[in-house]
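Worksheet for the structure shown next.
One-based numbering along the sequence shown. Here the structure is a predicted model, which is why all the values come from computation and not from measurement. Every heavy atom of this structure was used, including side-chain atoms; hydrogens, water molecules and symmetry mates were not.
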Amino acid sequence: KVTLSDDITTICNNMFCYTLSLKSINIPKNIKTIGANAFNYSGITSVSIPNSEKLSIGVNAFTRSKLTSVTFEKDEKTGKRFDVSFGSTPFAYTLLTEVFFPEGMKTLPSLSKVSTLTKVTIPSTVTAIPANAFEYTGLTSVTLPEKLTTIGNYAFQFSALKEITVPDKVTTIGNYAFKGCADLVTVKGMKGVTSLGDYAFMADGTEKDGFKTSLTTVEGLSELAKLGKQAFYGCEKLENLGSYETTVENGVTIKTLKLSKLSQFYIKNNKTIGQAFECAGLTDYVFEMPLVTEIPTKTFRKSGVRSIKFD
């Protein structure tokens with residue numbers, strides 16, 4: 001056990017790195033900086049982060065430690081705390097199972113590769129899920145705050161999510177945001193999304209060896225203007241996409257999806273690249289895309305799409 005004086009404001013880079021014998025330590029209440037790799041590969045099992053103004057936690061600060069519990073302290077009267085700035089992957093490969101972020105925090109750390117993580121509480125003050133935030137975690141569900149506007153690149157890729165509701169104010173979903181989420185069945189909301197990144201819901205696997213996918217439903221998409229390459233590639237079980245309308249023709253239910261604001265597929269080096277729905281399900285779908293002037297190669301290859309209308 002190590003006891004630090006409250007006069008200390010900085011824990012230096014690598015300060016307790018590889019101290020496997022260290023099981024417990026207090027973080028001084030006036031702390032301003034916890035340096036890069038400060039507790040990397042240490043033996044600490046729990047830590048309480050004081051409600052210190054302008055606190056910075058460095059790259060890999062607690063990575064690969066024995067950490068099972070982290071507490072972000074809050075003001076006892078208001079229930080809020082000051083925001084914290086984080087370097088990349090400060091808690092990667094720890095043994096955390098649950099993390100509660102108090103109101104007042106605007107910035108989330110990346111909990112990437114915390115495979116034991118099954119529960120997280122995100123405060124209403126957060127407006128963006130940062131890149132890599134919950135990738136490779138054990139999260140099966142999470143409640144996103146109503147003020148959220150952005151879900152960053154790789155945010156939930158290869159996590160254990162089974163369902164998620166995307167708030168109405170979210171306009172951007174980044175590249176690889178939900179790639180490889182093999183247990184993800186339903187995505188609700190999506191009403192305000194205007195930009196869906198490359199590989200956003202791409203299934204894990206290959207056409208030759210098979211895809212690992214459970215995705216059947218993605219709601220919304222009525223505001224979608226930009227669609228990334230291979231966004232739904234390999235989603236073979238996808239049955240319900242967007243706010244579609246149904247009609248019956250010769251006993252067959254036809255689903256018409258009107259993407260009236262979609263004008264751009266992924267473009268690179270002045271060449272339009274598609275595969276957005278390649279190897280997806282979408283049986284008996286009709287796509288209406290009046291603003292689209294070019295359909296990229298393989299956009300609907302091996303999907304069940306029935307027809308495409310441009311006007």
Side-chain angles (χ1 to χ4, degrees), residues 122 124 126-129 133-134 139 141-153 155-157 159 161-179 181 183-203 213-247 253-266 274 276-277 280-292 299-300 303-306 308-309:
I122 303 174
S124 65
V126 168
T127 59
I129 303 297
F134 303 109
L139 284 177
S141 65
V142 62
T143 300
L144 301 178
E146 292 182 2
K147 294 180 181 179
L148 196 72
T149 61
T150 303
I151 297 176
N153 297 340
F156 293 96
Q157 75 159 342
S159 68
L161 280 179
K162 293 184 178 180
E163 64 175 14
I164 193 167
T165 299
V166 177
D168 292 350
K169 291 185 178 180
V170 172
T171 59
T172 301
I173 295 179
N175 302 334
Y176 303 89
F178 296 96
K179 180 189 174 184
C181 293
D183 298 322
L184 182 61
V185 177
T186 304
V187 181
K188 298 180 180 180
M190 301 284 284
K191 293 180 180 179
V193 175
T194 60
S195 179
L196 188 60
D198 303 337
Y199 318 106
F201 291 96
M202 182 181 183
T213 179
S214 303
L215 189 64
T216 64
T217 302
V218 178
E219 296 181 352
L221 299 181
S222 58
E223 298 297 311
L224 189 65
K226 296 181 180 180
L227 180 61
K229 63 179 178 181
Q230 296 186 318
F232 294 97
Y233 178 80
C235 296
E236 297 174 318
K237 299 179 180 179
L238 189 58
E239 299 172 353
N240 305 296
L241 180 68
S243 302
Y244 57 84
E245 300 174 357
T246 60
T247 55
T253 299
I254 308 301
K255 299 176 181 179
T256 299
L257 178 59
K258 298 180 179 180
L259 297 177
S260 60
K261 296 185 179 181
L262 180 64
S263 61
Q264 180 180 323
F265 285 86
Y266 178 82
F277 302 104
L282 302 174
T283 301
D284 291 319
Y285 257 83
V286 174
F287 277 72
E288 291 188 4
M289 301 179 291
L291 298 182
V292 172
T299 295
F300 295 101
S303 72
V305 173
R306 189 182 186 95
I308 305 166
K309 296 181 180 179

Gly234 and Ala203 have their tightest heavy-atom pair at O-CB, 3.4 Å
In this structure, OG1 of Thr213 is separated from CG of Leu238 (nearest 0.5 Å) by 8.0 Å
One should read off an interatomic distance between Leu184 CG and Lys162 NZ, to the nearest 0.5 angstrom, of 11.5 Å
Closest heavy-atom pair, Pro167 versus Pro145, reported as atoms and distance to 0.1 Å, is CG-O, 3.3 Å
Quick one: does Asp284's side chain get under 4.5 Å of Thr253's, heavy atoms only?
-> no
In this structure, CG of Leu196 is separated from OG1 of Thr171 (nearest 0.5 Å) by 11.5 Å
Across all chains, not counting sequence neighbours, the ring pair (Phe, Tyr, Trp, His ring centres under 6.0 Å) partners of Tyr176 are Tyr154, Tyr199
d(Leu215 CG, Asp183 CG) to nearest 0.5 Å is 11.5 Å
Residues 230-240 vs side chain to side chain donor-acceptor pair (under 3.5 Å), sequence neighbours excluded, gives Thr217-Asn240, Asn240-Tyr244, Asn240-Lys255
When every non-hydrogen atom of Ala128 is compared with those of Val126, the smallest separation belongs to O-CG1, 3.4 Å
Please determine whether a side-chain nitrogen of the Lys or Arg among Lys229 and Asp198 lies less than 4.0 Å from a carboxylate oxygen of the Asp or Glu.
no
Margin query: Would you say that Leu144 contacts Thr165 through its side chain, given a criterion of any heavy-atom pair below 4.5 Å between the two side chains?
Written below: no
The reported gap from CG in Leu282 to CG in Leu257 (rounded to nearest 0.5 angstrom) is 8.5 Å
- Message: Contact between Phe134 and Leu161 at the side-chain level, heavy atoms closer than 4.5 Å - yes or no?
- Response: no
Practice problem: Indicate yes or no: at least one non-hydrogen side-chain atom of Ile129 is less than 4.5 angstrom from one of Ile122. | Solution: yes
Is Glu223 salt-bridged to Lys261, cutoff N-O under 4.0 Å?
yes
Note: Gly174 and Asn153 closest approach over all heavy atoms is CA-OD1, 3.3 Å
Heavy-atom closest pair (Ala276 atom, Leu227 atom, distance to 0.1 Å) is CB-CD2, 3.7 Å
Value for NZ (Lys191) from OG (Ser243), rounded to nearest 0.5 Å, stands at 7.5 Å
Sequence neighbours excluded, the answer for ring pair (Phe, Tyr, Trp, His ring centres under 6.0 Å) partners of Phe277 is Phe232, Phe287, Phe300
Please check if the side chain of Tyr285 supplies one atom and the backbone of Ser303 the other of a donor-acceptor pair under 3.5 Å. no
